[in-house]
Amino acid sequence: MPSGHQPILELNDITKTFGGVEALRGVDFALSPGEIHGLVGENGAGKSTLMKIIAGVHADFSGRLKLDGRETRFRSVRDAHAAGIAMVHQELSVAPDLSVAENVFLGNQPTNRLGFVQWRRMAREAGEQLKRFGIDVDPMSRLGDLPIGLQQLIEIARVLFSGARIIILDEPTSALSPPEVERLFATLKRLREEGTSIVFISHFIEDILRVSDVVTVFRNGRKVAEAKAAETSKSALIEAMIGKGREALEETYTHDIMLPSPAEKPVVLNASGLSLARSLRDVSFDVRAGEVLGIYGFMGCGQLELARILFGKLRPDQGTLAVAGNQKTFRSTADARRAGIAFVPESRRDMLFHQEPVYKNISISVLDRISSLLLKPSREREIATRQVDQLRIRPAAVELDLGMLSGGNQQKVALAKWLSYPPRLLVLCEPTRGMDVGAKNDVIHIVRDLGAKGLAIIVLSTEPETVLSLADRVLVLKRGAVVREFSNERISKDRLLEAA
Amino acid sequence: MTSGESVTVHASDRKRPHRLAAILRSQMRNIAPFLTLICLFAFFSAASPSFATLDNLGNILTQISVTGIIAVGLTFVILCAEIDLSIAAIANVTGIAVAYFTLQESYVNIANVPMPGWAAILLALALCALLGLVNAFGLTVIGIPSFIMTLAMMQIAAGISALLVRGQIAYKVPPLVSTLGSTSIGGIPWIVIVAALMLLGGHLVLTYTRFGRYVYMVGGNREAAEYSGLNVKLILGSVMVISAVCAGIGGMLGVAHFGSAQQNEFDTYLLDSIAAVVVGGTSLFGGRGGIGNTIVGLFVLGVLNNGLDHVNIDSFLKILIRGLILLAALIINVYAQRLRERTAE
């Protein structure tokens, strides 16, 4: 329970910038001993950044950090670890080829005096720890053979039982089943009784309210609210997360939007019964010409895999794709491109050639249309210049190396490369992630224009605004399955978040 | 981000180091090997009166020709951030094959299959192309890393060589191969002309064709190439075949040049070819460099090997010196990559 004690950890006026963009602005944060502190906020609000500062991942920030009342600064994860701080990151970071026991003891295996690993002791202790956590597995089995939820639990268990005084959990429940979540919460409460302080980040606000003592809300790099969990509600938290009366440029989507009724246009892509290992279960949908289909879900809901299946990068275990009525099996991304599908992944790094000039980045996907054997550099520059003008890419210099452009402009280049010869279907992952308002609006206009010109577009995002600002129809994906379709009805950010 | 204080960061707003320094840094990869070459040349010219003569320049050109022919294909492979360790063995087996299909003198004790010259050449070329295809298949379809796949191929090609000659030596090759490998026209050895033409051809393909662009893009960022809808496997497979065929041509002319075809004849050419490409400044991480770099690298190696013969030092020390100079060039290669990345970010 939160007590009147001195906070164990106190941060004052923390500011952190990434390449000129402020991820955190003057944030204060305090953690009491024996407290479970919930953090909520949208993607990019700064929750994870703040936690990574505490865990020693980001050593370069401004502001003060006090541990036990003494000012300190962690230079590395190792430093923070030595001070008793441990973190479970959003992305699974286990060693799948090692045994369960080795994973539990990763980095501090029990050894005898000669330095040999004491396998039997390690297996026994790992087994006991996991059993305390309600996990009954053979400690010597290979971790990668276990279901993903169990792997996540084991990673959490490793941190929970590492003896750390401060434990940070970033989205720990995304891959867990309801009973597993229960077990996690029971353990967290027990650790709290023992005096451990816990920070718990989650998109699932019900979870936050159930387990936390105190909840802090972040928005746009600022701490905007802090409340006792018992004295607040889901709707109050969502409101604080989204914010009212924000700056004029940005739509808030707190009010209802009326989705249009589907037009009687030809179906461009039909996906039917797509399943992939543990990522996707029986996903089916259509996209019509001139329609923007939004696919929304939390991180880890299977969006990334779905997008990669549509572009031939992954092969589904089951299910079929049909483009304009013809069944297709994509053996490579080149097959998908030839079928008229364009793809922009969520990470610009994976999409662009940073050491090459802008024009080569734009022409790469259409080279076979403008040249057979020999390159035609003047034609490439011409096409690139036109795209740079149309998408207002700045600076407007096609000879510049792509790496010299800002993130938002790079994102536009990633889109531009597909537009000189418009595809049938455009698959966009997180098209506005990390962009400032101006660039975001540019991209929204571009995508809407393309839709109006008759392209079929699929937008996959974990950001509700992105989906709401673009989509004519919305599918909600949850743990690999479509759980809700919004079509020809009222939709708002609250409803979208509720559905997920 | 919402508030007025965060605006789009344009490249022009960023602080930029001095323009000249930036250009020099980004061109480090091309400048450093060239400086190395000039330094070596100056050193050997001063150290030995017999080094900087027109005759000796001709020697150097001839000495680097076989390596040059093999290095053309290897440049494609390294530009894709892959490696081909089977080039020397494929050169060797192709040279042996072309002799195997040629009528040998009666004292050569090889159970060979004599054929017309053109057929022997075609069969030898088909053999090296086939071995390249096997490399391509292993790399792209099965997914064996090129380092391991071509290591296995090195052994396979050596095995075929051994079976064909069975410890014997063959001397005769088809007239065309023999002409190109061991005769001159107007004072210039044919082999130098062939090497020059192949390097030129490689340069033209890499610079002016769509395929060449794809090679650079796949090497620059393979993931991005795939997400741009390029058939990455086809491109990787093609460079493995190109590499094997270049090695095969180098092997045939080499056999004519040396005057004999036997086991393990080309062993030193593996390291020399890799060294030439990398010393010239082509990035081992792919996407940067080209035939121009390979040519500079060939000359660095050629001048070094030839020059060390002209100065009076312990011949056993020469091996060590070669190694140290290669190490220095590799260090520069890696640093140039880092500098370049820092400028791009």
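Everything quoted here is computed from the prediction, not taken from an experiment. Convention: sequence-line order gives letters A, B, ...; per-chain numbering from 1.
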Presence of salt bridge, A:E380 and B:R213, under 4.0 angstrom: yes
B:E223 and A:K313 ion-paired at < 4.0 Å: yes
Considering only heavy atoms, which portion of [X] lies under 4.5 Å from any heavy atom of chain B: side chain, backbone, both, or neither?
X      : value
A:D368 : both
A:L374 : both
A:S372 : backbone
A:K360 : both

Looking at [X], I'd like to know if its [atom1] atom is crowded, meaning that more than 12 non-hydrogen atoms belonging to other residues, nucleotides or ligands lie closer than 6.0 Å.
X      : atom1 : result
B:F211 : CZ    : yes
B:F147 : CZ    : no
A:D389 : CG    : yes

Working for side-chain contact (heavy atoms from CB on, under 4.5 Å), residues A:I364 and B:Y214: CA-CA 8 Å; A:I364 183 71; B:Y214 288 165; 4.0 Å; yes
Intermediate values then yes/no, side-chain contact (heavy atoms from CB on, under 4.5 Å), A:R308 and B:Y227: CA-CA 9 Å; A:R308 276 155 183 72; B:Y227 285 133; 2.8 Å; yes
Closer than 3.5 angstrom, by distance alone: can the side chain of [X] be matched with the main-chain N or O of [Y] as a donor-acceptor pair?
X      : Y      : answer
B:R288 : A:Q355 : yes
A:S365 : B:S228 : yes
B:N221 : A:H354 : no

Option in A:F311, A:W418, A:F343, A:F353 with maximal non-hydrogen atom pairs under 4.5 Å from chain B: A:F353
Chain B contacts, top residue of A:A334, A:P377, A:A397 (heavy-atom pairs, under 4.5 Å): A:A334
Test log, rule side-chain contact (heavy atoms from CB on, under 4.5 Å), inputs A:L373 and B:R210: CA-CA 6 Å; A:L373 178 67; B:R210 188 152 61 88; over 6 Å; no
Spacing of A:R331 atom CZ and B:N231 atom CG [to the nearest 0.5 Å]: 10.5 Å
Between A:S332 and B:K233, a side-chain donor and acceptor under 3.5 Å: no
